Amino acid sequence: MDKANEHLDEKFLKPYDPTATEDEIYKLWEESGFFNPDECIKAGVTDKDAEKFSIVLPPPNVTGTLHIGHAVMLAIEDIIVRYHRMKGKRTLWVPGTDHAAIATQSKVEKILEKEKIRKQDLGREEFIKKVSQFAQESHDTIINQTKKMGSSLDWSREAFTLDKTREVAVRTAFKKMYDDGLIYRGDRIVNWDPKGQTTISDDEIVRKEEKGKFYYLKYGPFVIGTARPETKFGDKYVVMHPEDKRYAEYKDGQTIELEWINGPITATIIKDESVDMEFGTGVMTITPWHDSTDFEIAERHNLDKEQIIDKYGKLLPIAGEFAGMKIREAREKIIEKLAQKGLVEKTDENYVHNIATAERTEAVIEPQIMRQWFIDVNRKFKIKNSKLKGIKNEQEVSLKELMQHVVRSNQINIVPDRFEKTYFQWIDNLRDWCISRQIWYGHQIPVWYKENEIYVGVEAPTESGWTQDEDTLDTWFSSGLWTFSTLGWPEETNDFKNYHPTDLLETGYDILFFWVARMILMSTYLVGDIPFKSVYLHGLVRDEKGRKMSKSLGNIIDPLEVSEKYGADAVRLSLIIGVGPGSDSNMSENKIKAYKKFANKLWNISRFVIENTSDIEYTKDFSAYSPADKTIIDSQKEILKEVTEDIENYRLYLAGEKLYHYVWHEFADIILEESKNIFEKGTSEEIISRKNLLLNSLTNILKALHPFTPFVTEEIWQSLPQNKEKNILMVEKWPIV
RNA sequence: GGGCGAUUAGCUCAGUUGGCUAGAGCAACCCGUUUACACCGGGUAGGUCGGGGGUUCGAAUCCCUCAUCGCCCACCA
């Protein structure tokens, strides 16, 4: 090696090797303690009175491993967090995982199924042990993977939605809502999943198009249409619109005798405005136990409700000779019988309609009337401790109104803003939230019964004779508390006082309703404040042809695998650049490869600068720049200013692209190339000026790129001869104010 | 039924508030390896910015309309 370059680390003579350095660098950060804002203050890298920036990690489900969607989330959040940390803010990013009740339980059930074990064989306690064990293993994998992506999370504050602290939060929340009359137990129509044997919320339903038959049946003097003859056994009400002239001769409450599936019955005429006169014959019979529209009609007119189908999707004795049959097989047979009796008017063979299925089990939902726990979203209550703008303390509001108000009044800002429309549309149609689940894994409902008494509390009653409600809570109940339960609420902890409300919530647009809306509900109600100021929504990562990644297509890109191959920095850049907020992106290995080259380019740029500046002292505020170099500095400042603005406005894709372009096609291709000329032919003033320019530019570039490509920039920073104290780039100051 | 988005080079996509000859990566073709980098440099080719209409001094960008594709929501029996 050249004597003048003896300070150049030998590793610069080889291409940049991410696998050899990334783990070491992460360790360096972790051991510095600087992921934790308290440590930053202690070490004097952050001012104790500095502005705070806080964000919670959307907790990944402990159902297995991280996928590319998680990688996008981690990349975006880490960029923003590192940026704010370098801006000198007290920056906190709280990690955690989600127990994901139904998802995790059914995953374990599937594993047990292979060993021919049913959860009933194990019993509740044993089964939960198995699930917890699985959850722990998933957790460990996930944490490890999260670190590989370079995420600068404060691990000392890690939380789990099902741990002890969060249980206190959940129970406190439940009790408060119960006491305020916002949680009630009622016999209401719910979405029953016959396969999963549990209720699910409206949002866990996936509608699938199905082509089936639509039957027109003679019902006394009427003709009724149905796709589900198997529910018709108990139908003894026939409903029509009060203004339908075709049926003017029939009066509300009038009874008629008619022949039906299993013999003669008495039917009652009901007039209700919810009937669509245009649809079919304008007449329908109702099945209040198994249809929510029918249920509401029955409620309005105070009608009887009868159960026809049991929890397993089989017909009950009311079906007479069909009792015990599965609905699918019964359907054809019932039609056969009706046809024999001459009651089938006609059949439409190509009837296309949407059927409701359960997201997890894919089973067809059977609405049932069941005793379940609900959150009332319309009931008015007096809000306590309101810190919300436009909502006074003790003002009467409903949960729905709170959810609408904070977004409408811009206290919460959604990026991209077109999702605000989607948000309002969802809330406007929001019905009471069914929060009880008939599964074992999760927060058991904090309600105890003793004969006719009921007790709701954070702790179980101490006297004997009380039994706890068997059901568990919808997993989104606990994740709805996430922004403050992670900070120690309901205790008035320092973290809670210092870091809530959080500044940003970054997540996929697919859980806007599930999660974002629920956090807004919980936080405004329980804390009297918004959970976060901004919501940034990212899209889905698809394969290079724009298809969803799936096991069956074999097009899954495993973020860990490509990180090992090309480096986490390259993966991060490829997930960021060219992807605007809220839009889906296409990912390919080629794209990642291109950014791996970028990391290497930066590596070699650094080598060139270090080699050529070994003979000058590093001067931060060198002032004797040549006119040409002054121009370069100005344009560089301009770029950095734009990049800063882009990051502030969550345009990471632009910020990343600008830096990429500047570093490669401006700094390397033009500035470095012309420097060679200057070093050969320039005056000594020009040479000194240019050397200082290169050194100062490199430090600025490394700083500005650090949020995007933290590993390679830190690795170079650690090897800079000027960094004699081995300071850590992660906590250096951002190059532009 | 209601709402939202997309349509730009062979492929995958940028183009932030309307403004310099519309860009990037990959692919193709040509030239180049004397000391930062072949995980490289220089260059070439390739686009009537989905169709049509409008606003404007000026439109890929704003408005209207049509077409195709995609997504979300919804209790039409």
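Within every chain, numbering begins at 1; the chains are lettered A, B, ... in the order of the sequence lines, protein sequences first and strands thereafter. In what follows, every heavy atom counts, from backbone to side chain, and hydrogens, waters and symmetry copies are set aside. Keep in mind the model is a prediction, meaning the values are calculated, not measured.
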* Could you measure between the two P atoms, the one in B:G70 and the one in B:U8, and give it in whole Å? => 16 Å
* Structure fact -> Assign each of A:S585 and A:Y509 the nucleotide of RNA chain B bearing its closest heavy atom; nearer the 5' end lies the nucleotide of A:S585
* Specify the separation, in whole Å, of atom CG of A:D276 and atom C1' of B:G1. => 11 Å
* Structure fact -> Checking B:G41, B:A74, B:C26 against the side chain of A:N590 (C-beta onward), the nearest is B:C26
* To do: Please tell me which of the listed nucleotides, B:C37, B:A74, B:G41, lies nearest to the side chain of A:N354?
  => B:A74
Pairwise N/O distances under 3.5 Å, protein to nucleotides 28-35 of chain B:
none

* In whole angstrom, give me the gap between the P atoms of B:C72 and B:G53. => 35 Å
* Look at A:E645 together with A:R651 and state whether they make a salt bridge at an N to O cut-off of under 4.0 Å. => no
* To do: Give RNA chain B the dot-bracket treatment, 5' to 3': Watson-Crick (N1-N3 with N6-O4 or O6-N4) or G-U (N1-O2, O6-N3) under 3.5 Å, [ ] crossing, | other strand.
  => (((((((..((((.....[...)))).(((((.......))))).....(((((..]....))))))))))))....
* Asked: Given B:A36, B:A77, B:G25, which nucleotide is nearest the side-chain atoms of A:I605?
  -> B:A36
* To do: Could you tell me whether the phosphate oxygens of B:G41, OP1 or OP2, come under 4.0 Å of any side-chain nitrogen or oxygen in A:K676?
  => no
* To do: Just compare B:C40, B:U16, B:C76 and give me whichever is closest to any side-chain atom of A:R207.
  => B:C76
* Do A:E296 and A:S274 have side-chain N/O donor and acceptor atoms under 3.5 Å apart? -> no
* To do: Using the C1' atom on both, measure B:C4 against B:A77 and round to a whole Å.
  => 29 Å
* Nearest-nucleotide pick for A:H665, side chain only, options being B:A36, B:G25, B:U16 -> B:G25
* To do: For B:C26 versus B:G43, give the span between their P atoms, rounded off to a whole number of Å.
  => 16 Å
* Asked: So, A:E561 and A:K565, do they make that salt bridge, N to O below 4.0 Å?
  -> no
* **Under 3.5 Å donor-acceptor pair, A:K421 side-chain atoms to B:C4 base atoms** => no
* Asked: For the residue pair A:Y219 and A:W260, does the interplanar ring angle fall in the parallel (under 30°), tilted (30 to 60°) or perpendicular (over 60°) class?
  -> perpendicular
* To do: Determine, for A:R228 against A:E366, whether the closest basic-nitrogen to carboxylate-oxygen distance falls under 4.0 angstrom.
  => yes
* Asked: Expressed in angstrom and rounded to an integer, what is the separation of A:F222 atom CZ from B:A77 atom C1'?
  -> 15 Å
* B:C39 OP1/OP2 closer than 4.0 Å to side-chain N/O of A:K596 -> no
* To do: Return the nearest nucleotide to the side chain of A:R418; candidates are B:U16, B:C37, B:C4.
  => B:C4
* Do any side-chain nitrogens or oxygens of A:R542 fall under 4.0 Å of OP1 or OP2 in B:U12? -> no
* Sequence neighbours excluded, which residues qualify as ring-ring contact (aromatic ring centres under 6.0 Å, His included) partners of A:F222? -> A:Y247, A:Y250
* CD1 of A:I670 versus C1' of B:C40: gap in Å, rounded? -> 16 Å
* Asked: Side chain of A:F608: nearest nucleotide among B:A36, B:C37, B:C40?
  -> B:A36
* Structure fact -> Against the side chain of A:W664, the closest entry in B:C75, B:G41, B:A36 is B:G41
* Asked: Between the side chains of A:Y566 and A:E589, does any donor sit under 3.5 Å from an acceptor?
  -> yes
* **Pair A:W426-A:D203, side-chain donor/acceptor within less than 3.5 Å** => yes
* To do: Mind checking A:F424 for me? I need base, sugar-phosphate or nothing, with any heavy atom below 4.0 Å counting as a touch.
  => nothing
* Roughly how far apart, to the nearest Å, are B:G42 and B:C37 at atom P? -> 15 Å
* Looking at every strand, decide which applies to A:E673 at a 4.0 Å heavy-atom threshold: base, sugar-phosphate, or nothing. => base
* For A:I205 and B:A74, give me the distance from atom CD1 to atom P, rounded to whole Å. => 8 Å
* Mind checking A:D294 for me? I need base, sugar-phosphate or nothing, with any heavy atom below 4.0 Å counting as a touch. => nothing
* Considering only NZ, NE, NH1 and NH2 on the basic side and carboxylate oxygens on the acidic side, decide whether A:D615 and A:K691 come within less than 4.0 Å. => yes
* Asked: Between B:G19 and B:G58, how far is it from one P atom to the other, in whole Å?
  -> 15 Å
* Presence of A:N586 side-chain N/O under 4.0 Å of B:C13 phosphate oxygens OP1/OP2 -> yes
* Asked: Does A:R408 count as lying over the ring of A:F424, i.e. NZ or CZ under 6.0 Å from the six-ring centre, within 45 degrees of the axis?
  -> yes
* Asked: Relative to each other, are the rings of A:F214 and A:Y351 parallel, tilted or perpendicular (30° and 60° limits)?
  -> tilted
* Structure fact -> Whole-Å distance, A:L694 CG to B:A36 P, equals 12 Å
* Any salt bridge between A:R188 and A:D432, counting N to O under 4.0 Å? -> yes
* To do: Check whether any side-chain N or O of A:Y566 sits under 4.0 Å from OP1 or OP2 of B:C39, and answer yes or no.
  => no
* Asked: When we call it a touch if two heavy atoms are under 4.0 Å apart, what does A:A668 touch: a base, just sugar-phosphate, or nothing?
  -> base
* Specify whether A:Y595 and A:Y660 have parallel, tilted or perpendicular ring planes, treating 30° as the upper limit for parallel and 60° as the lower limit for perpendicular. => perpendicular
* Identify whether any heavy atom of A:V609 sits under 4.0 Å from a base atom; if not, whether one sits that close to sugar-phosphate; answer base, sugar-phosphate or nothing. => nothing
* Asked: Looking at B:A74, does its base get a donor-acceptor pair with the side chain of A:Q425 below 3.5 Å?
  -> no
* Roughly how far apart, to the nearest Å, are B:U44 and B:U7 at atom P? -> 28 Å
* Asked: Base, sugar-phosphate alone, or nothing: which one does A:F598 contact when heavy atoms must sit under 4.0 Å apart?
  -> nothing
* Determine the interatomic distance between P on B:A60 and the same-named atom on B:A9; round to the nearest Å. => 14 Å
* Nearest-Å distance, CG (A:D202) to P (B:C75)? -> 7 Å
* Length of the CG-P vector between A:D428 and B:C75, whole Å -> 14 Å
* Structure fact -> Here the distance between atom C1' of B:C37 and atom NZ of A:K597, to the nearest Å, is 12 Å
* Asked: Does any donor-acceptor pair link the side chain of A:T293 with the base of B:C75 at a separation under 3.5 Å?
  -> yes
* To do: Return no unless some side-chain N or O of A:Y423 is found under 4.0 Å from OP1 or OP2 of B:C72.
  => no
